[in-house]
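Quick notes on the structure that follows.
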There are 2 protein chains.
Amino acid sequence: MTSVLVIDDETALLRALRINLSARDYTVHTATDGVSGLAVMARDHPDIVIVDLGLPDMDGADVIAGIRGWSTAPIIVLSARGDEAQKVHALDIGADDYVTKPFGMNELLARLRAATRRIGPTTDEPVVDVGDFVIDLASKRVALRGGEPVRLTPTEWQLLEVLARHRGRLVTSRQLLQQVWGPAYESETHYLRVYMAQLRRKLEPDPARPRHLLTEPGMGYRLQDD
Amino acid sequence: MTSVLVIDDETALLRALRINLSARDYTVHTATDGVSGLAVMARDHPDIVIVDLGLPDMDGADVIAGIRGWSTAPIIVLSARGDEAQKVHALDIGADDYVTKPFGMNELLARLRAATRRIGPTTDEPVVDVGDFVIDLASKRVALRGGEPVRLTPTEWQLLEVLARHRGRLVTSRQLLQQVWGPAYESETHYLRVYMAQLRRKLEPDPARPRHLLTEPGMGYRLQDD
DNA sequence: GTCCCGCGCAAGGAAACCGTCAAGATCGCC
DNA sequence: GGCGATCTTGACGGTTTCCTTGCGCGGGAC
């Protein structure tokens, strides 16, 4: 889950952002001045920062510089002033985007998504560790506890990937078949049994008694971590 | 040196940008419509793209999508229309920034610098050492362990470069073909086999048993370091 | 106890994929 | 125009992977 730090002294805007961001599954941190903003930044390491340039206690540029001194998290600047010199300055000292007030909430959210997308692949939890084996989603690799890599066929990998992306949750047979084989194969539950057995043979310590690739009879499968 | 592709049908703006960007040591490519823009993109692989949404031949959104299909280069959108829905749509299909005309040249340049700065760290890993050979991305050279340089043809180099930029991660056949030969060659997997064999002959200690240029059957290839 | 359905397991043929070699076709340079 | 390097294209064998089928087991319904 992506976490966002909002630094702004307008409590109305802060509330609006908190509501909108929370509703979209962001974790939201807030601060109403530069000093506490930097403190929260240092303590919680949010993935993205939204900062107003018109803060009561510090120059907004100093806030940006203070963050950029040690973090590369995307910074989106909000400002009531739209003059070019200030935009250029803010961008040049490390801001990633600059939005002039008043702005539409949808635009800000879209710019936030764009920033998230850029950092996405790196911080999006590419590694899933379930105890007896480890799945690296970014590099498409699986290794047993102990480091020994496991060779998976493309279909095996796709199946495991879908399960890993829903780690802990139940995934219905229909959902799995649709994602791996396509919408036309929704009823070929046979395929699932065959490939699930192969995955268990390759990954489970005791394939007959799976500890992680669990069957939910009549429903589907679940990837369980310790 | 950073190269920029500008796609816009206003020749006056095109000229102004060419002058300003050249003066700041960017390499400038230009195109006046979507089709030729995508062609230049595929041929020259510029680092950053600036694209006007109001092109004569194509919907700007299709241009963005056409680029995002195979490239992660930053895209800055220019548009005469500033309505929020269009901004949101452009950003969501892959644009990195959205600037409304008329805009100040200094602001655009600052946003360009911000985009450049972002791609810097990722592509700025000049040397990749995999054990038996060393790839210098900046100077486009390869040398065996021991220092003996290896001559690669342009295509061989491009292929190796894509793999090196994803060092350790799996790169799908489609991705490789798109980046090296262009989006139209997605299914010519034959090329890959031929050139991968040539790379192995030139770089691997035992070409028949590759240790670094690995095949992942059915999925793609991976550059593995020791 | 018996039937029936869902699940796990094994095996084999068809199809897809990969590596290799080598012969045109193309391009750029002299 | 000729030459060399590079890029395409074709053919072939070996291997892997996928799909399909059949069978046995076990739990729940009746």
Side-chain angles (χ1 to χ4, degrees), chain A residues 140 142 149-163 170-174 176-182 184-222, chain B residues 42-43 140 142 149-163 170-182 184-222 224:
Chain A
K140 294 203 201 299
V142 192
V150 179
R151 263 189 48 76
L152 295 186
T153 72
T155 309
E156 287 163 6
W157 170 258
Q158 279 191 303
L159 192 55
L160 184 64
E161 184 175 3
V162 175
L163 288 168
L170 174 113
V171 189
T172 65
S173 303
R174 167 172 302 186
L176 284 168
L177 286 163
Q178 199 170 330
Q179 297 233 11
V180 177
W181 280 271
Y185 293 76
E186 264 186 20
S187 53
E188 303 285 342
T189 60
H190 234 94
Y191 294 3
L192 274 184
R193 290 200 286 280
V194 172
Y195 280 91
M196 202 58 69
Q198 287 178 0
L199 279 178
R200 294 207 252 246
R201 252 203 306 281
K202 290 186 179 180
L203 297 174
E204 290 277 2
D206 181 3
R209 297 181 175 254
R211 296 181 50 196
H212 306 104
L213 296 162
L214 304 184
T215 303
E216 301 281 345
M219 314 265 291
Y221 293 85
R222 176 202 310 278
Chain B
R43 194 188 63 214
K140 297 198 191 296
V142 194
V150 179
R151 257 194 57 75
L152 295 185
T153 72
T155 308
E156 286 164 8
W157 170 258
Q158 284 195 7
L159 190 55
L160 184 64
E161 183 177 4
V162 175
L163 287 168
L170 183 142
V171 190
T172 65
S173 302
R174 167 173 302 187
Q175 212 174 332
L176 285 168
L177 287 163
Q178 277 180 347
Q179 300 227 10
V180 177
W181 281 271
Y185 292 77
E186 258 185 29
S187 52
E188 302 286 340
T189 61
H190 202 105
Y191 293 4
L192 275 184
R193 291 200 287 279
V194 172
Y195 278 91
M196 203 59 68
Q198 288 178 0
L199 279 178
R200 293 207 252 245
R201 253 203 304 281
K202 291 185 178 181
L203 297 174
E204 289 277 2
D206 180 3
R209 301 187 181 259
R211 297 181 50 198
H212 306 103
L213 296 162
L214 303 184
T215 303
E216 301 279 349
M219 308 215 270
Y221 293 86
R222 180 200 306 277
Q224 171 88 357

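Everything quoted here is computed from the prediction, not taken from an experiment. Chain naming here is simple, since letters A, B, ... match the order of the sequence lines and numbering starts at 1 in each.
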Atom of A/Glu156, atom of A/Lys202 and distance for their closest heavy-atom approach: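 Looks like OE1-NZ, 2.8 Å.
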Sugar-phosphate, base or nothing in reach of A/Thr189, heavy atoms under 4.0 Å: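 The residue A/Thr189 makes no contact with any strand.
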Which residue lies more 5' along DNA chain D, comparing A/Glu188 with B/Tyr185 via nearest heavy atoms: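 Checking each residue's closest nucleotide, the 5'-ward one belongs to B/Tyr185.
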5′-ward residue of the pair B/Arg193/A/Trp181 relative to DNA chain D: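 With B/Arg193 and A/Trp181 compared, the 5'-side residue is B/Arg193.
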Considering only [options], which nucleotide approaches the side chain of [X] most closely?
X	options	answer
B/Tyr221	D/dT17, C/dT20, C/dC18	C/dC18
A/Thr153	D/dT17, D/dC19, D/dC7	D/dT17
B/His190	C/dG8, D/dC18, D/dT9	D/dT9

Residues B/Glu216 and A/Lys140 bridged, charged N to O under 4.0 Å: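 Salt bridge between B/Glu216 and A/Lys140, a charged N being under 4.0 Å from a carboxylate O: no.
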Residue closer to the 5' end of DNA chain C, B/Gly218 versus A/Ala197 (nearest nucleotide):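 Looking at DNA chain C, the more 5' nearest nucleotide goes with A/Ala197.
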Euclidean distance, atom CG of residue A/Leu152 to atom P of D/dT17 [Å, nearest integer]: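 Rounding to the nearest Å, CG of A/Leu152 and P of D/dT17 are 10 Å apart.
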Whole-Å gap separating P (D/dT17) and CH2 (A/Trp157):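 These atoms are roughly 15 Å apart.
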Donor-acceptor contact present, side-chain B/Glu204 to main-chain B/Arg211, <3.5 Å: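 A pair under 3.5 Å: yes.
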Atom pair CD/CG of B/Glu186 and B/Leu177 - distance to nearest 0.5 Å: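 Between B/Glu186 CD and B/Leu177 CG, I get 8.0 Å after rounding to 0.5 Å.
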